Amino acid sequence: MDSPALEISQLSIKFKSNNQKEITAVENVSLNINSNEFVSIIGPSGCGKSTLLRAAAGLERPQFGKIRVDGHIVTHPGADRGMVFQTYTLFPWLTTYENILFSLKKSPLSTPEKEALVNHYIQMIGLEGFENAYPNQLSGGMRQRVAIARALVYQPKILLMDEPFGALDAQTRMSMQELLLDVWDQQRLAVLFVTHDVEEAVILSDRIYVMSNRPGRIKTMIDVELPRPRGLIDLESSPAFLSYKRNLLDLIRQESNFYQKIPLSEKIA
Amino acid sequence: MDSPALEISQLSIKFKSNNQKEITAVENVSLNINSNEFVSIIGPSGCGKSTLLRAAAGLERPQFGKIRVDGHIVTHPGADRGMVFQTYTLFPWLTTYENILFSLKKSPLSTPEKEALVNHYIQMIGLEGFENAYPNQLSGGMRQRVAIARALVYQPKILLMDEPFGALDAQTRMSMQELLLDVWDQQRLAVLFVTHDVEEAVILSDRIYVMSNRPGRIKTMIDVELPRPRGLIDLESSPAFLSYKRNLLDLIRQESNFYQKIPLSEKIA
Amino acid sequence: APAPEETTKVRIGTQPWIGYGPWWIAKDQGLFEKYGLEAELVDFIEDKEVNAAFASGDMNAANIATHTALKLFSVGLDLKLVLVEDISTSADAILVSNEISSIADLKGKSVAYEEGTTSDLLLNYALTQSGLSLSDISPVPMPASDAGTTLLSGDVQAAVTYEPYISEILKNNDSIKILYKAEERPGLISDVFVVSAKWAQGNEETVRKLLQVWDEALQYYQENPEDARKIIADAVGSAPEDLVTAFDGVQFFDVNENQKALSGDFLTTIQDVAMVSQSIGLFETIPDFSNLIDASYVD
Amino acid sequence: MDQILSVKEKESSESASYRLLDLRSDIPSRIYWSAGGLFFIFIFILWLFLTSLKIVSPLFLPGPEAVWDEFLRQLHEGILLQDASASLYRIMLGWIISTIIAVPIGILMGNFKLFEGMLEPFIDLIRYMPAVAFVPLTILWAGVGNSQKILILFIGTFFQEVLMIMDNVKSVPRELIEVSSTFGLSRFEILRDVILRYAMPGIWDTFRITLGWAWTYLVVAELVAASSGLGYRIMKAQRFLQTESIILGILMIGLMGLITDMIFKFTYRKLFRWLDGKG
Amino acid sequence: MDQILSVKEKESSESASYRLLDLRSDIPSRIYWSAGGLFFIFIFILWLFLTSLKIVSPLFLPGPEAVWDEFLRQLHEGILLQDASASLYRIMLGWIISTIIAVPIGILMGNFKLFEGMLEPFIDLIRYMPAVAFVPLTILWAGVGNSQKILILFIGTFFQEVLMIMDNVKSVPRELIEVSSTFGLSRFEILRDVILRYAMPGIWDTFRITLGWAWTYLVVAELVAASSGLGYRIMKAQRFLQTESIILGILMIGLMGLITDMIFKFTYRKLFRWLDGKG
Ligand SMILES: Nc1ncnc2c1ncn2[C@@H]1O[C@H](COP(=O)(O)OP(=O)(O)OP(=O)(O)O)[C@@H](O)[C@H]1O
Ligand SMILES: Nc1ncnc2c1ncn2[C@@H]1O[C@H](COP(=O)(O)OP(=O)(O)OP(=O)(O)O)[C@@H](O)[C@H]1O
Ligand SMILES: [Mg+2]
Ligand SMILES: [Mg+2]
């Protein structure tokens, strides 16, 4: 098996806006991800990160270029790729347990096998006791954990995550990162992870692609050669980590820095 | 003038939930902020940060305790306190210019004075050329800049900010932080800033209150004695900064860490 | 009549009009059964609904006003007029408030009436007789059921309507009186029994039996007026004492009288009705009515 | 401590008046409900006043006692129950038929732009047409039995219902559909297990509203050749100027409508507990 | 390069069929509109077919040519325009009066729970009452002039309109009200400058929908003492059994309703450009 788990080549995606103008969301993007590789994409808001991920999932049709999973061209969404969305996408009428079970609908496993699997993941995301809670009864962090479990339980080869921790508070976020790294390591997943948090990208990734402002192209690629397993708290004060972070921040600031110091006028001060 | 700009003492706030149970959102919180002081509150999601801030704005009525501004008890919202909300609160039917002008409705200034003021702030937030754009035509970062300008333009003594940068991307966030520090410095504002981003709190604040999980109490108070002006990028690799950050992260992790490493069962691996 | 082995079903469209009363007597007294008929009297509120139901073929027979029969015939409906049921003498009338004393006084006044109905005919006839026309008054069209109410509320000075509304109005207010009654032109306002020609073909015997039922019911009415009037009053939803004037305002026709009418009198009446109908716009040209009347059943 | 307590007292007494007059603020449910009750009592007293002092003639507006007597009479004679059940039967049948057809078509229109484009302009044209005007046509088409009455109720509700169900279906967030497709579900499965499940509370609300509208068409439906029913009773009462019977009929229809409305509201809360996270 | 191009071609041809059948996917507006046009043509041909082959008697359903002739006749005689304008006048007046009263009450109910609690149960009861049943009562109350017709239109629209406006007002996000209060605005200023401004598009839509409903009440309104109007023409045609005139009247009402609907939709887009950020 030589072909990469996910191969995106020369991808371009355009949209028609309200007033019929064409917006190029993604332009000529190529990238590969091998199995058991953790790849992040960072870039300013609106640069096309979500669009790229959606295309990989089979939810957007490219105008040009192609996307291959294990060498096969992607045309539709499929159970080989799990996706965690930027917004909450739990089914509000299903409990935690049922939400996770739902994604196993098409699985050939027997019912007891499915149940064991669901219970395992509930335990792993630390939601024992919340099996019968509806999404509205869960906090934002809990919901996102369920969404991750739901995307993992059917054992996709590739996990696509679109700013999954964007809405979480600092401590929940850290726990989620640990959880994710463990799962990734144990299941030998290929992960494509979108974020706008530089620190998060460095902590998690083997490789980081930096995207430019619209039209979204790949501006730079950075290999993160920090040893694994990475202890999150210790990492943050290591010089290597800080240099990656600084490097990325610099790249990003070139992209957009609107603020110029202006002295307040006399009238106001 | 000896009394602090904002004085919160023994504040407790309870809510009735759907099923008539009482939820204590804020319990026995006391804190003071002097003018030209920048104070942050961090804490896990749902711990009562927003509720505390809303009480300071006069939008929630406390069950117990009191809030004083310049020694006077707060009962209603007033133009002495400006507030920037967690969600976008621009008026969608008004342009950038009109949105900022709107908050000057009750100001005794003359029309030309108002116009000059609005134009000044538009320049400061870097939105020249977007004066006539409606909120729907602006990006998230731009909208939040307008919201800040709108809260500043009528020159309140106290600025209450509820996770104002939570939804912004890394680079926009950095620019906004610089902008905010400058304004704060020039206008000698008292700022009460809610965030769940530890780094942000350290960068901006003179003092940080850490809140505990529900019921929201103040757990610790930390004085941040980093020199000002703080160059954002340089700061991040300074040992003092890193030690504050680490300290806070430790405090926060005690509050909630759901994740326990669990090996995946045989069946799954 | 001999007791038949099996019953024939007939659906008859009616309205709550005392002129159709004998049918309810027949129902009450079991006269239909006696003749081996299973009749269903379907009660409608307005003309237009009976018309539509009869036209749709849902009704085998219907009780309708003469001019309605002419109208249905003129639009090409295949129907036969087999019986003149009654003529109105004082059961249709023009009601006015006290200050009006003649038809001529109606000039310039507002008059409530239902267009295309007996009221329309009566009003037009009355106006023509006094040398006036519709353009001399100010017409206020509305359902006959509302016309009296409107007169009571003082919004119009005159209303054309029929029983039982007339009794109801007079009972409620003594500042209102009858100005003009249908008997001024006997037969102008009359009711007939029509059957679907298609259905009648092959059901000649049933039609004949229906007329016998009518005759027998009418006989009962004449012999037991108290009892008969109560049956009818119940059917139209009123109290007998409220309908005394109403009953006095109709003159029923039995089969014998029909033999004479359908071959003489009534033919001229029809021409008169047709003319007034034409003047109110019921039809543009007066059709040839020779195929409408079928007197064979009353022979 | 003393001082703080006094502040607390001041606040709470002040807050009572504050709450009633403040924009959007919640008020104690005690006050909320008694306001409604008091308003009903007010209307009742006004009615009593106008009629008993003969300010309005009883022919125009009968007094409450006349309506009450009429109520007792009809109840006693069994007419009232018979009318109510006849009407309820027609309403339910007309509405159920309308619903059975409206649901699949609404779902098609909400999910497939092709069907929306095909049917919406036509329905838009038809839905403003007055049901009353269809009465003679419905007689011609459906005779004078119950089917004609049900057809009128159908015409009165169907077209609005289809458009509302289309909107309900469209309210399903695109992301929920997309995430389901990443689990490998077929279009039909997504429709059944995701779109319909999500849209169900909205559809239920549409059911409630359209059933309410069906009641307003009852009189028109029972215009023709009915021999019982609340609408029929009203029409009949009109003939004899029995205003008290008209008012009684109108009140009964309003009440029946309110009851069916409340049943749907109640079952809504029971069926869709997940909406407010009460499990 | 060659290979990529071929992929592209394959995709795009495939995507055309994909789009039409896919859940929620947009289709070219060309297809969207022609589907609607074709459906109208289909209905028309069906009508022509049923009538010209005499499958349905002209008394039940007249052919398009008969309706067209009737249209030309009424147009020629000036009746049509006169009817349409008489009806339009009544509809507008009834609806405007209903709106003038419904807007302030709906605003009060949407902003103050006290008013909601007071009026909602009452309106809930009344709104299911059938407008037709009110006809005799309205004559007694308002005579037989235009005011009676307008009263009927009012009864038909007002109660639903109030509840809808209440909901529109309630849709204003609490944060917008709160942020305005931090600028020191009074309750009245917030109401006028924030709540109403925000709720305006919703209220405009309520206007559109309720005006549409007013059209469905036209026939009932023109039942009594009208001597012109589309509803009157239908009633009269019913008595004279002129089915083509009935159909013409119904079509005209549908069309007029559609036109007023479209005017509101159009002005909505013009008035509330800020909604989709087109400036
Ligand atoms: N369905 C669509 N129709 C039209 N334009 C779209 C559509 N989806 C995305 N866009 C546009 O494409 C561009 C890229 O959007 P995208 O959501 O991929 O950005 P992003 O990088 O994910 O931003 P964020 O960090 O805010 O999530 C944006 O300008 C957006 O407005
Ligand atoms: N109006 C209300 N009615 C009932 N409960 C409320 C209300 N407002 C807040 N709460 C509850 O009070 C608690 C504190 O809420 P608050 O919004 O202050 O938290 P927070 O710290 O701002 O959280 P986040 O970081 O997610 O914004 C939560 O449990 C919340 O559910
Ligand atoms: Mg995105
Ligand atoms: Mg908050």
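This structure is a prediction, so every number in the text was calculated from the model and none was measured. Chain letters run A, B, ... following the sequence lines, proteins first, then strands; residues in each count from 1.
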Q.
Between D:F134, D:W215, D:F115, D:Y217, who has the most heavy-atom pairs with chain E when the cutoff is under 4.5 Å?
A. D:F134
Q: Could you have a look at D:V132, D:I195, D:I250, D:I253 and say which one has the most heavy-atom pairs with chain E under 4.5 angstrom?
A: D:I250
Q) Are D:M118 and E:L38 side-chain neighbours, meaning at least one heavy-atom pair lies under 4.5 Å? A) no
Q. Between E:K149 and E:E222, is there a salt bridge with N-O shorter than 4.0 Å?
A. no
Q | Pairs flagged by salt bridge (Lys or Arg N to Asp or Glu O under 4.0 Å) wherever residues 122-141 of chain E is involved - sequence neighbours left out | A | D:D261-E:R127, D:K265-E:D124, E:D124-E:R127
Q | Max heavy-atom pair count under 4.5 Å with chain D, selected residue of E:R174, E:E116, E:E120 | A | E:E116
Q. Non-hydrogen atoms of chain E under 4.5 Å away: do they reach the side chain of D:F122, the backbone, both or neither?
A. both
Q) Any idea which of D:P130, D:S34, D:G37 has the most non-hydrogen atom pairs under 4.5 angstrom with chain E? A) D:P130
(Q) Quick check for you: among D:V220, D:L119, D:I126, D:L218, which has the greatest number of heavy-atom pairs under 4.5 Å with chain E? (A) D:L119
Q: Drop me the distance from E:R187's CZ to E:R192's CZ, to the nearest 0.5 angstrom.
A: 15.0 Å
**Q.** Engaged part of D:V169 at the chain E interface, taking heavy atoms whose separation is under 4.5 Å
**A.** backbone
**Q.** Partners meeting side-chain hydrogen bond (donor to acceptor under 3.5 Å, both in side chains) with D:S181 (sequence neighbours left out)
**A.** none
Q | Polar side chain donor-acceptor pair, E:W95 to E:T210, under 3.5 angstrom | A | yes
Q. For the candidates D:L223, D:T260, D:V172, D:I259, which exhibits the highest count of non-hydrogen atom pairs separated by less than 4.5 Å from chain E?
A. D:V172
